[in-house]
Amino acid sequence: MDPILDGLNHAQREAVTSSGSILQVLAPPGSGKTKTLTARVAYLLSHHGYQPQDVICCTFTIKASREMRERLAKLIGGKSESRLILGTFHSICRRYLVKYGYLIGLRRGFGIADSDDTRAIIRRTIKRLKSSIEPKAAQGRISRHKAHGRSPEAVAAKAKAEEQEIVDIYRDYESALAASNLLDYDDLLLRCGDLLREHPQCVSNVQAVLVDEFQDTNIIQYELVNLFASKNRRITIVGDPDQSIYGFRSAEIANLKRMQRHYSNTTVVLLSDNYRSSASILNSAQEVIEQDTSRPAKALQATHSFGTLPVLRKLPTPGAEAKWMVLEIKRCEAMTGGLLRMSDFAVLLRSASLSTQIETAFGRAGIPYKMVGGRKFFDRTEVKILLNYMRVVSHTGHSDALLNIVNVPPRRIGDETIKQLTGGADKAKVPLWDFIKDVVRGRRSTEKKLQKAAEQGLCSLMKLIEASRQKLQDCEDASAPRVLIEFITERLSFQEYLIRAYPLDEDSRWANVKELMHQATEVAAFEEEEVDKEMDLPEIEGVEQQQAHAGEEALTRFLANVALATEITTKDEEQEGDQPKEKVTISTIHAAKGLEWPVVFVPAVYNGSIPHSRAEVVEEERRLLYVAMTRAQALLYLSLPIRQPRLGEGEDGSTTLTPFLPPKLVTNRFRLTGPPLHEKAVYSIADILRRPRPSLEDMYRGLALLPSTLDDRWTPEGEEDRTKFDGTSARDVDEPNPKRRRSDMHQGPGSTTYMSSAGYTMNNSTQFTVPTTVSSGFTSARDYITANPEPPVESTSKSKPPADVAVANKPSASSSTRKDGLTQASISNFFGGPGLQKREPVIASRAQPQPQPSRRYGQPAQSQYLTQSVPPALSSHRVQQRPLQPSRPTLEPTNPNGYTWMAAPSRPGPKPRMSVTQERTGNNVSAGTAGTGASEAKPETSTRGFQAVSTFHTTTMSMVQQAPRRTLGIRRSMNGWQDRMKRDGGGHVS
DNA sequence: TCAGCTTTCGTTTTT
DNA sequence: CGAAAGCTGA
Ligand SMILES: Nc1ncnc2c1ncn2[C@@H]1O[C@H](COP(=O)(O)OP(=O)(O)OP(=O)(O)O)[C@@H](O)[C@H]1O
């Protein structure tokens, strides 16, 4: 068998081997589109005899390109993958323009205008034109025009009155770019289109063109695809309309249809098997996307088991939300016996700005993370300064870069001087730099005489730039970027400057400078390794421009890479051990496109965040949530703070759950707290990840460090669980809730205050008083447990105690050396005991006839039964007997389109129904919009009384802090939580 | 006129 | 919190 087709299913193979010249692979997330595309590249090379340099493959991000190159290296080997023309549209276009741009009159050594340049230029012209348009808005509209290929003239032609202003700015902006020899992101595509239209011979070698994530291409990119393929007309694209999330950047889903219309011989292959996510995750995501009624129904079939039901968690505040993630990550890590590592977790955000609280919480908890997307390394001011120096050195006509550094570090060149200089340069119609040079040399003068100090400053700047340019001339290899950075930092006494300017964090800023140097070095090394990184086309007489000067070339390329880079490609930062960095990923949803993680958190799913308050198209926001959810393989956590202080001015800051998660969907497809992670749940995770199941011993091992084996630090309604505190704790909560405070004052500590903030039934409230009252008096968990060997009777009968509570309450707990009553024995019970290990394969593959939410196994009673060696089937029977009264219609695990349950189509009967019932009762909270926390009164009891009990072991331990500077150790006071909160709130530590 | 300080405002998503 | 505008002493 052809190794290329290994591990592909029938439909995938069909796509890979299709003889169709125009091929569209349309498929839902996780169906192996990228895998298929990669295989097709390999297939075309090996079976059609195409040369790698004759194949163009466009991915959406640089990261995706890298990954594909790596995958191909494994698939075909022989280094031929390095000759592929593979990259983002922008980087491929840049390569063509570097080689052939002169054919369309492009000046050599052009730079790329990043969004800062763009913004600066637009701001300047708006000021000059005295326009009242927001720079941001102007920028967006100009880019939109460009992305549709509309020149200023074209816009002007049919512009309405108010558009006229934009046209002026647009024109001005274009000429400013030209003056600085800059191309912006849109220009890269546009000009490359121009080039290939006028000189198709540049791509006359191209045999095949492949595009990933085609649903996110814009019109220009679509045209580019056609131009690339103009010789051989062999195009393969993969995409998924449901995952189109770049409409704000003028991406058009319609390109799919457009292509079908354009090429009547288009072959369309649909894939429907999902290999990534558990069926329960898929179900919920599917229901989200199906709310879009304009969308045609699509087949989507899970190949994995039902797995663990996704979580929709409510928490008091964003800060609590972040802490909750910390706890859940630690809980998952500790309870899965080494199955999950830090790099298996991802936090996906609608906006990068949401990351701050998460980052601080992770930092305090010692959870290693990396932030991708959002604020970029190359955007940091200190880095930016050096880069701008390099840009000026590389091309002195780059006036914007020059303006950015002309007075950094301070050279006594202020607003007035700058006004004189730019005004003079404008008048003389020469570039700013030339004008400055002339002024310094006394060949020209400004209207008003410059101050002496300013002139001196200009003089020293000129000397520096000239010296740097000389340095560059002398450096004739790829090390130029690094040499220059070093030279400039040296000459500027940059480190001293940083110390002076940023006394608070000069060290981290200097570290960034070091990192920049490192980046420059890496680029150099990279170049030497892969000389043929830039493709060469021996084609026609289109001779590439003489490489001019290797040093200059390396410099422009470095700067271009910086402008096009999303994140730094640091191979192995923080050495600190030979381990490859194990880190949680924090990312924007956009940047997570195409990726997958075993465990995914999507915080802040409230109205205003997603859909974003400024979003133009709600459907796109829904797709965004869909994309985020479908990144998860085994565990999916959505969450929201019920109060967001910064939101809504005079309001109480309460949030509303995103409309994309209507109550019915939440009730049916989500649980409200993190799942119990007992043996079977863990096995199911392992199976979905296709990893070996951890041993029970390993699973026990981590437990000692956990404050709780359950997600019970907050109530399912998202309030502080008062049983975790004594009465004074309100102020220890990171974001004190004013309401809560007030009620504290009225009712005094230690009482049942917290009920006032949640609409519990009386029935429940009587239960609450027990633990709450006790908590202020008892001295140790064990005391309490021995004093109350059994939970309150009604609770046992009416509610379902969390699994580990049942365990913790067993008398055997008293033998524990732990004060929380968690013994090895009880832990073992929790997991069902070693004896049970082999009893059932558990939810495994699609062959498994009964899709049951795995959390069923986590039901409290269950673990008790398990300890008694009752087979799961039986225990579920027992569970069903419990007096459950779901207040809502019990749902079939329905699935309108009939695909969600296909993982086990054979017997959908009563079983699933029962499981869903359990879901409901397990989390008896209002599934409705998260409002003020008023939950519906429900007949069934809550687990409150038990949470209190479980609290007792919870409170005794606090997490072990790994990071040395983060203090803490194992804490055994009854105030574990409380102390921790204090610390967490208080920040600094030893 | 410059530099440094305080104040204010607003905060999507990305190549 | 970071950028940008405003204010004030040198
Ligand atoms: N035939 C298969 N058998 C087993 N696993 C597969 C198969 N095809 C794909 N996978 C796995 O499914 C996961 C998703 O694959 P891939 O990333 O290619 O999907 P995708 O359709 O591109 O997803 P997205 O649309 O989210 O980008 C990967 O882990 C991949 O290894």
Side-chain angles (χ1 to χ4, degrees), chain A residues 58-65 87-94 112-116 118-120 123 127 134-136 139-140 143 146-147 183-189 213 216-218 220-221 244-251 348-357 359-360 372-376 378-381 384 407-420 448-454 457 500-505 560-567 587-593 604 608-617 620-621 623-625 627-628 646-647:
Chain A
C58 302
T59 63
F60 203 71
T61 62
I62 292 169
K63 194 172 180 183
S65 310
T88 63
F89 274 102
H90 296 270
S91 73
I92 291 174
C93 287
R94 191 194 70 87
I112 296 174
D114 63 22
S115 28
D116 275 355
T118 304
R119 190 163 36 95
R123 195 151 22 100
K127 216 173 230 170
E134 293 272 314
K136 262 243 170 100
Q139 194 179 336
S143 173
K146 292 184 84 163
L183 298 185
D184 69 11
Y185 295 118
D186 297 309
D187 286 329
L188 287 176
L189 306 178
E213 311 277 15
D216 282 315
T217 53
N218 65 26
I220 304 295
Q221 288 166 327
S244 162
I245 53 175
Y246 280 92
F248 70 94
R249 217 171 80 181
S250 304
L348 305 184
L349 309 165
R350 168 66 246 258
S351 318
S353 59
L354 293 166
S355 75
T356 49
Q357 277 162 301
E359 291 187 67
T360 51
V372 8
R375 222 202 146 74
K376 288 162 224 147
F378 295 117
D379 281 346
R380 314 253 172 100
T381 34
K384 202 87 208 198
N407 198 33
V408 184
R411 294 190 180 88
R412 309 207 66 82
I413 301 167
D415 293 346
E416 186 57 31
T417 309
I418 288 172
K419 204 157 90 191
Q420 293 300 317
K448 277 195 248 172
K449 190 87 180 76
L450 295 180
Q451 289 199 324
K452 275 236 178 60
R500 233 179 311 123
Y502 308 95
L504 293 174
D505 55 350
N561 285 339
V562 165
L564 295 177
T566 315
E567 60 183 305
S587 166
T588 58
I589 298 173
H590 286 89
K593 179 191 243 285
S609 173
I610 193 165
H612 195 272
S613 46
R614 308 184 62 163
E616 288 159 15
V617 193
E620 182 151 310
E621 299 288 304
R623 291 194 291 267
L624 212 38
L625 180 61
V627 168
R646 295 179 55 103
L647 218 72

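Naming: A, B, ... by sequence-line order, numbering from 1 per chain.
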**Prompt:** Which one, B/dT13, B/dT14, C/dA4, comes nearest to the side chain of A/R249?
**Reply:** B/dT14

**Asked** So what does A/D415 hit on the nucleic acid, given a heavy-atom distance under 4.0 Å: a base, only sugar-phosphate, or nothing?
**Response** sugar-phosphate

**Asked** Quick one: which of B/dT13, B/dT12, B/dT1 gets closest to the side chain of A/H590?
**Response** B/dT13

**Asked** Should A/K593 and A/D216 count as an ion pair when the cut-off is N to O under 4.0 Å?
**Response** yes

**Request:** Test side-chain hydrogen bond (donor to acceptor under 3.5 Å, both in side chains) on A/D184 and A/T118 and set out the steps.
**Result:** CA-CA 8 Å; A/D184 69 11; A/T118 304; 5.3 Å; no

**Prompt:** How about A/F378 and A/D114: do any of their side-chain heavy atoms sit closer than 4.5 Å?
**Reply:** no

**Item:** Interatomic distance where CZ belongs to A/F248 and C1' belongs to B/dT15 [whole Å]
**Value:** 9 Å

**Item:** Phosphate OP1/OP2 of B/dC2 contacted by A/T417 side-chain N/O (<4.0 Å)
**Value:** yes

**Carboxylate-amine/guanidinium contact A/R249 A/D186, below 4.0 Å** = no

**Prompt:** Hey, is A/H612 stacking on B/dT12? Ring centres under 5.5 Å, planes under 30°.
**Reply:** yes

Might you list the N or O atoms of the protein lying below 3.5 Å from N or O atoms in nucleotides 3-9 of chain B, with each pair's distance?
{"unit_1": "B/dA3", "atom_1": "OP1", "unit_2": "A/R412", "atom_2": "N", "d": "2.5"}
{"unit_1": "B/dA3", "atom_1": "OP2", "unit_2": "A/N407", "atom_2": "ND2", "d": "2.9"}

**Message:** How close do A/L450 and A/Q420 get, counting heavy atoms only, and between which atoms?
**Reply:** CD2-CB, 3.9 Å

**Asked** Could you give the CD-to-P distance, from A/E134 to C/dA4, as a whole number of Å?
**Response** 13 Å

**Prompt:** What's the NE2-C1' distance between A/H90 and B/dT15, to the nearest Å?
**Reply:** 4 Å

**Asked** Strictly under 6.0 Å, is that where the ring centroids of A/F60 and A/Y246 end up?
**Response** yes

**Message:** When you measure from the side-chain N and O atoms of A/S91 to the phosphate of B/dT15, is any distance below 4.0 Å, counting only OP1 and OP2?
**Reply:** no

**Asked** So what does A/Y246 hit on the nucleic acid, given a heavy-atom distance under 4.0 Å: a base, only sugar-phosphate, or nothing?
**Response** sugar-phosphate

**Message:** Between P on B/dT14 and CD1 on A/I62, what's the gap in Å once rounded to a whole number?
**Reply:** 13 Å

**Gap between atoms NZ and P, on A/K136 and B/dT12 respectively (whole Å)** = 5 Å

**Prompt:** C/dG2 P sits how many Å from A/K384 NZ, rounded?
**Reply:** 16 Å

**Item:** A/N218 CG - B/dT14 C1' separation (whole Å)
**Value:** 12 Å

**Asked** Is the distance from OP1 or OP2 of C/dA4 to the nearest side-chain N or O of A/R123 less than 4.0 Å?
**Response** yes

**Prompt:** Over how many whole Å does the gap from A/L348 atom CG to B/dT14 atom P extend?
**Reply:** 12 Å

**Asked** Considering heavy-atom distances to DNA chain B, does A/A563 or A/R350 have its closest nucleotide positioned more toward the 5' end?
**Response** A/R350

